[in-house]
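One structure below.
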Protein chains: 2
Amino acid sequence: MDKIDRKIVNILQKNARASLKDLSKECFISSPAIAARISKLERSGVIKGYQATINLEKIDFHVKAFIQVQLEPHQKKEFYPYVQQIPNVIECNCVTGDFSEVMEVVFPSTTDLDNFINDIQQRFGKTSTQIVFSTSVNHRGVQLSEPTEKE
Amino acid sequence: MDKIDRKIVNILQKNARASLKDLSKECFISSPAIAARISKLERSGVIKGYQATINLEKIDFHVKAFIQVQLEPHQKKEFYPYVQQIPNVIECNCVTGDFSEVMEVVFPSTTDLDNFINDIQQRFGKTSTQIVFSTSVNHRGVQLSEPTEKE
DNA sequence: TTTTGCGGTCGATTTTGTCCACTTGAATTA
DNA sequence: TAATTCAAGTGGACAAAATCGACCGCAAAA
């Protein structure tokens, strides 16, 4: 992970479809060198994948929310496969605090959200939901700083 | 947004670097047709962009957390530009409930997180933080279902 | 001082993407 | 109904980008 790798990662986080040629211009090395670095970053697991970012409104998912769930320890092994399987759950984390899980979910309407929450409550336990009004920072990567001592 | 567009969106959400050729095979139409559809999806704002997904651990961001912030209405216009500018804030939403904002943040260490929280508290107000232990669903897109009535 | 190997360049080749002319079929209008 | 228009495809020619292989240079290890 040197300076050039960080630059590649930064660019690909902003535009995953950037061509090797573009990257080679930005980084001042040849495109085969870029290709080699990218495949190394992929193999080593630094780059996990590439995903198109979709405007959820445009595909009729108008409601985004955070659902917190209280879970007994033994319920996790049932909960995880369940949420992984639901396409509306776009992120799920185990966290500190009264509620052990925080899910980020999207649904076409509040009715669909309500149905889902009822299902969760029936299967697992108490929930607390925060509905999103607006998003000031859309999910993004962390831009790596240019000067880093550590090689 | 017909069946083919949904298929394209689904594929690009899973692999934003998929080639037109791959897409054309999956969708059974020619690559110029795919190219035309993609640029239409981009122009119409359905596809907002393409981002590489990075393994945060591998780039030494070991701590992920959700920070909730209590904000007076007038503070928003100061808060938004502030959080947008901090690379550690990877998502920020205005939500219902006692705390008006929910931020998702990443930091190298809990010390860095603590410093940030102190800064937020000093600038804005009361916070509540949940530290992430583990992630069962990494941030992902919504996979669109094949059969949809609406054209 | 050799040797080894990583990381790079350059140019040839192959693959991919783009452009253009032409086609088809559904909806619109004379 | 027949003519027109337009959106959305196709296929082939061309341009651009990615990949491959031969080779180079340097730094660390033998």
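Quick note on labels: first sequence line is chain A, next is B, and so on, each numbered from 1.
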Presence of salt bridge, R123(B) and D119(B), under 4.0 angstrom: yes

Basic-acidic side-chain contact under 4.0 Å: E104(B), K64(B):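 A salt bridge is present here (some side-chain N lies under 4.0 Å from a carboxylate O).
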
Nearest of [options] to any side-chain atom of [X]?
{"X": "L20(A)", "options": "dA18(D), dG7(C), dT16(C)", "answer": "dA18(D)"}
{"X": "P32(A)", "options": "dA18(D), dG7(C), dC20(D)", "answer": "dC20(D)"}
{"X": "S30(A)", "options": "dA8(D), dA17(D), dT9(C)", "answer": "dT9(C)"}
{"X": "S31(A)", "options": "dT10(D), dT19(D), dT18(C)", "answer": "dT19(D)"}

Flag for S19(A)-D22(A): side-chain donor and acceptor within less than 3.5 Å: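 Yes, side-chain donor-acceptor contact under 3.5 Å.
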
OP1 or OP2 of dA8(D) under 4.0 Å from side-chain N/O of K40(B):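 Result: yes.
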
Sugar-phosphate only, base, or nothing, as touched by S19(A) at under 4.0 Å among non-hydrogen atoms: sugar-phosphate

Flag, side chain of R17(A) to backbone of G49(B), donor-acceptor distance under 3.5 Å: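 No: the side chain of R17(A) does not pair with the backbone of G49(B).
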
Expected output: side-chain R37(A) to main-chain I8(A) donor-acceptor under 3.5 Å: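 Flag not set: sc R37(A) to bb I8(A) has no pair under 3.5 Å.
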
Could you give the [atom1]-to-[atom2] distance, from [X] to [N], as a whole number of Å?
{"X": "D2(B)", "N": "dA26(C)", "atom1": "CG", "atom2": "P", "value": "15 Å"}
{"X": "I34(A)", "N": "dC10(C)", "atom1": "CD1", "atom2": "P", "value": "14 Å"}
{"X": "R17(A)", "N": "dA18(D)", "atom1": "CZ", "atom2": "P", "value": "11 Å"}
{"X": "R37(B)", "N": "dT18(C)", "atom1": "CZ", "atom2": "P", "value": "16 Å"}
{"X": "E26(A)", "N": "dA17(D)", "atom1": "CD", "atom2": "P", "value": "14 Å"}
{"X": "L23(A)", "N": "dG8(C)", "atom1": "CG", "atom2": "P", "value": "14 Å"}
{"X": "I4(B)", "N": "dA7(D)", "atom1": "CD1", "atom2": "P", "value": "18 Å"}
{"X": "K21(B)", "N": "dT19(D)", "atom1": "NZ", "atom2": "C1'", "value": "14 Å"}

Along DNA chain C (nearest heavy atom to each residue), the more 5'-positioned of F28(A) and A18(B): F28(A)

